[in-house]
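In this text the structure is predicted, and so the values were computed from the model without any measurement. Positions are given from 1 along the sequence.
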Amino acid sequence: MNDMLVFGRILNMVSQVNTNAYLIGECFFLPFFNNRFGPPMMPVDVEVLVDIRDVESTEKKLREMDPALRWHVVGLEEESIKTYLQRSQPLIAFSGAIRLKNVMPEYIFGFEETKNHLEDGCLEWNDQVDKELALSESIKWQDMFKGLKSTLVEAKLKELEFDWEKLEQNMKKTERGGKVTQISLSINGEGVKGEILQWHRQANKNMEMIVIPPKSNLPSGDPWVASDEEFREWIIDQFLTKYPKTEKDPYVHSIIDMQKESDQKPTHLGWKVYQHSIFAALCLNTKGFSITDRKISRLAIMWHDLGKCANIWTPGAHGAAGAKLWKRYKPDWVTESEEKRISLLIKAHDYMGLMDRAIKDENFKGGISPQQIISFIEDQLYEDVYYGLQLISRIYLADISSVATLRWLISLTGLLDKMVITEYENRIKQIAL
């Protein structure tokens with residue numbers, strides 16, 4: 001999924017509904033920032049500017065055309081579009097609009113400097129709008145796009161690297177310690193190893209756009225046990241949308257606040273731990289889990305990189321550290337048995353990735369074998385291997401799905417699961433003999 005497909009499709013829909021409608025907000029400025037100043041992002045809020053008389057009909061048609069998008073139609077009264085943009089957008093770079101005219105994009109810029117600011121990645125206060133709002137927006141978007149510079153916020157610009165081979169080299173430079181794990185496989189396991197290595201040789205390692213889940217209803221009860229669709233909508237409502245409908249939840253915000261100052265690996269393109277946690281939660285699939293494990297896995301994914309907040313960079317070690325650290329922040333509504341299970345899932349959140357790296361590189365320090373994963377599921381999670389593997393694998397999948405530079409690994413997860421299952425079933429056959 002790329003910018004042209006996502007934003008072009010939205011622009012086409014708006015044009016079909018109302019030829020005089022303009023896209024503003026994220027749909028206007030994100031295409032300028034994506035892949036240049038940070039990872040490619042989908043818009044959360046799709047803001048559309050129309051004549052005040054057309055608001056209701058335009059919004060109705062857009063919601064019918066694509067109910068998965070979060071449409072917000074704004075009415076323009078007796079003023080020009082340029083005047084509206086000048087008085088409403090807190091940053092000069094954001095002061096713009098786009099529509100299709102005769103099949104070609106037509107831009108309106110609120111200020112002469114707007115286009116240059118977009119191309120240069122400069123966030124400057126529009127002094128016709130409240131400065132505190134401009135400061136808040138500047139902080140928010142500089143956090144998302146570390147290559148942006150701002151006249152409002154002093155921040156060290158990050159030199160971002162988008163090439164996977166160089167990113168991998170930079171990531172390895174941050175890793176310290178660990179032990180080499182010798183992996184011994186059955187004949188069938190060796191076959192799966194060959195499939196994994198072949199997959200890596202053929203994989204397209206390009207960066208992919210981080211997906212925003214389709215719009216859904218908000219939970220009517222406890223969000224931690226709600227459906228995946230409702231839980232994701234709640235997370236978006238708490239942290240990402242400009243138009244929240246729910247009250248700020250103290251506990252989920254305490255999770256994020258705890259992680260706001262901690263860095264991630266170079267593969268995260270400057271994101272902090274807290275941003276990764278939010279987007280990983282949006283990617284988690286709990287279908288088929290018990291109600292209890294739905295809650296447990298969601299808490300585990302929100303806390304899974306807490307060990308990095310302790311500046312631990314040994315491969316696999318941050319999971320073990322986070323498994324202990326998170327207990328300090330356990331809410332009263334989590335039972336003792338749930339607490340232990342959450343700790344185990346935090347500890348194991350990267351096991352599949354560590355196994356993959358050990359298969360690719362016999363000298364990798366910090367790897368884990370499929371047999372160790374099987375033993376962990378049976379002896380610590382006390383689970384059936386097939387179900388326990390799903391708990392671990394789904395958290396790993398959410399982890400990599402939320403990172404633009406790692407999304408190319410998504411289609412490998414089935415082979416990693418196959419490796420564990422193959423070795424487990426081989427053991428069962430050996431016992432039967």
Whether over 12 other heavy atoms sit under 6.0 Å from E362 CD: no
Under a plain distance cut-off of 3.5 Å, with no hydrogens placed, do K308 and Q264 share a side-chain donor-acceptor pair? yes
Indicate yes or no: at least one non-hydrogen side-chain atom of V420 is less than 4.5 angstrom from one of M355. yes
Would E229 and N217 count as a side-chain contact (heavy atoms from CB on, under 4.5 Å) here? Give the steps. CA-CA 7 Å; E229 294 78 12; N217 295 322; over 6 Å; no
Atom CD of E261: over 12 foreign heavy atoms under 6.0 Å: no
Under 30°, 30 to 60°, or over 60°: which ring-plane class applies to Y107 and F109, parallel, tilted or perpendicular? parallel
Answer yes or no: is there a donor N or O on one side and an acceptor on the other, between the side chain of T181 and the main chain of G367, under 3.5 Å? yes
Test item: Q238 side-chain N/O and D249 main-chain N/O as donor-acceptor pair under 3.5 Å: yes
Keeping Y22 on the side-chain end and E106 on the backbone end, is there a donor-acceptor pair under 3.5 Å? no
Given the rule in the side-chain contact (heavy atoms from CB on, under 4.5 Å) test, do E132 and L135 qualify, once you have shown the distances and angles that lead to the verdict? CA-CA 5 Å; E132 288 302 312; L135 178 61; 4.2 Å; yes
With a 4.0 Å cut-off, would you call K215 and D66 a salt bridge? no
Using a 4.5 Å cut-off on heavy atoms from C-beta on, say whether the side chain of S411 contacts that of W199. yes
Please check if the number of heavy atoms outside I187 that lie under 6.0 Å from its CD1 is greater than 12. no
Side chains of S337 and T335: any donor to acceptor distance under 3.5 Å? yes
Without swapping roles, check the side chain of R407 against the backbone of M207 for a donor-acceptor pair under 3.5 Å. no
With a 3.5 Å distance limit and no angle check, can you tell me whether S15 reaches the backbone of N12 through a side-chain donor-acceptor pair? no
Using modelled atom types only, decide if a donor and an acceptor are shared between the side chain of D45 and the backbone of K242 within a distance under 3.5 Å. yes
Tell me, do F145 and N34 make a side-chain contact under 4.5 Å, heavy atoms counted? yes
Hey, does W303 have a side-chain heavy atom less than 4.5 Å from the side chain of Q259? yes
For the pair R294 (side chain) and D228 (backbone), establish whether a donor and an acceptor sit closer than 3.5 Å, ignoring hydrogens and angles. no
Aromatic centroids of Y424 and Y386 separated by under 6.0 Å: yes
Got a donor-acceptor contact below 3.5 angstrom from the S138 side chain to the A134 backbone? no
Using a strict threshold of under 4.0 Å (side-chain N to carboxylate O), is an ion pair present between E423 and R427? no
Greater than 12 external heavy atoms within 6.0 Å of K260's NZ: yes
Would you call the rings of F231 and W224 parallel, tilted or perpendicular, where under 30° means parallel and over 60° means perpendicular? tilted
When you measure from the side chain of N426 to the backbone of S186, do you find a donor-acceptor pair of N or O atoms at a distance under 3.5 Å? no
Within the 3.5 Å criterion, strictly below it, is a donor on S297 or T286 matched to an acceptor on the partner's side chain? no
Close aromatic pair by centroid cut-off 6.0 Å: W141 and F33: no
When you look at NZ of K340, are more than 12 heavy atoms from neighbouring residues, nucleotides or ligands closer to it than 6.0 Å? no
Ignoring hydrogens and geometry beyond distance, is a side-chain donor-acceptor pair present between D143 and Q275 at under 3.5 Å? no
Are R70 and Y243 in a cation-pi setup, meaning NZ or CZ lies under 6.0 angstrom from the ring centre and within 45 degrees of the ring axis? no
Do K205 and W408 form a cation-pi contact, if we require the NZ or CZ to be under 6.0 Å from the six-membered ring centre and within 45 degrees of the ring's axis? yes
Looking only at side chains, do W164 and T405 share a donor and an acceptor under 3.5 Å apart? no
Tell me, with the steps shown, if H253 and F239 meet side-chain contact (heavy atoms from CB on, under 4.5 Å). CA-CA 9 Å; H253 277 269; F239 297 108; 3.4 Å; yes
Any donor-acceptor pair under 3.5 Å linking the side chain of R63 with the backbone of W71? yes
Pair F376, I392 - check side-chain contact (heavy atoms from CB on, under 4.5 Å), show working. CA-CA 10 Å; F376 174 83; I392 294 171; 3.8 Å; yes
Is it the case that H200 and D356 place a side-chain donor and acceptor less than 3.5 Å from each other? yes
